[in-house]
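First the structure, in the form of structure tokens, and then the observations on it.
We number each residue from 1, following the sequence as shown. Because the structure is predicted, anything quoted here is derived from the model rather than measured.
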Amino acid sequence: MPEHLDTTELYQRASKDNISIAPGKMFSASKQFNHCFRLNSSFECSEPEERAIKRLAELIQNMLDEQDEQDELHQ
């Protein structure tokens with residue numbers, strides 16, 4: 001993920017759609033990896049999981065678009 005994308009925010013948004021991810025900073029004592037996340041699955045990927053992954057991609061794109069809009073406002 002781009003370094004400016006906060007996966008804790010992504011986690012909060014995904015949780016509203018019952019999609020569970022683990023923000024990267026959970027795996028660092030020094031709060032690094034804020035732009036990384038872990039997506040776990042223990043079963044074969046089926047239609048519900050595929051829909052969840054597509055939704056997660058939409059959420060990420062929304063966050064990137066919002067950041068672009070903010071950047072344009074500050075230019």
Original post:
Any side-chain hydrogen bond (donor to acceptor under 3.5 Å, both in side chains) pairs touching residues 35-47, not counting sequence neighbours?
Top reply: S46-E49
Original post:
NZ of K16 to CZ of R55: how many Å apart, nearest 0.5 Å?
Top reply: 10.5 Å
Original post:
Is atom CZ of F37 surrounded by more than 12 heavy atoms (other residues, nucleotides or ligands) closer than 6.0 Å?
Top reply: yes
Original post:
Hey, what do you get for CG (L5) to SG (C36), rounding to the nearest 0.5 Å?
Top reply: 10.5 Å
**OP:** Kindly give the cluster partners of F27, where membership spreads through any ILVMFWY side chain lying under 4.5 Å from a current member.
**Re:** M26
Original post:
Are side-chain heavy atoms of D17 and L56 found at a separation under 4.5 Å?
Top reply: no
Original post:
Taking only residues two or more places apart in sequence or in another chain, which ones pass side-chain hydrogen bond (donor to acceptor under 3.5 Å, both in side chains) with S28?
Top reply: S30
Subject >> Partners meeting side chain to side chain contact (heavy atoms under 4.5 Å, CB included) with T8 (sequence neighbours left out) >> reply: D6, Q12, P23, K25
**OP:** Provide the closest heavy-atom pair for I21 versus T7 in the form atom of the first, atom of the second, distance.
**Re:** CD1-O, 4.2 Å
Original post:
Between A52 and I19, which heavy-atom pair has the shortest distance, and what is it?
Top reply: O-CD1, 3.5 Å
Would you list the atom pairs, donor with acceptor, under 3.5 Å between side chains in residues 59-67 and any protein atom, with sequence neighbours excluded?
from, atom 1, to, atom 2, distance (Å)
Q61, NE2, D65, OD1, 2.8
N62, ND2, E58, O, 3.4
E66, OE1, R13, NH1, 3.3
E66, OE1, R13, NH2, 2.7
E66, OE2, R13, NH1, 3.2
Q67, NE2, D71, OD1, 2.9

Original post:
Quick one: hydrophobic cluster around L73, which other residues, with the 4.5 Å side-chain cut-off, linked directly or via members?
Top reply: none
**OP:** Using salt bridge (charged side-chain N to carboxylate O under 4.0 Å, His left out) as the criterion, list what pairs up with E50, not counting sequence neighbours.
**Re:** none
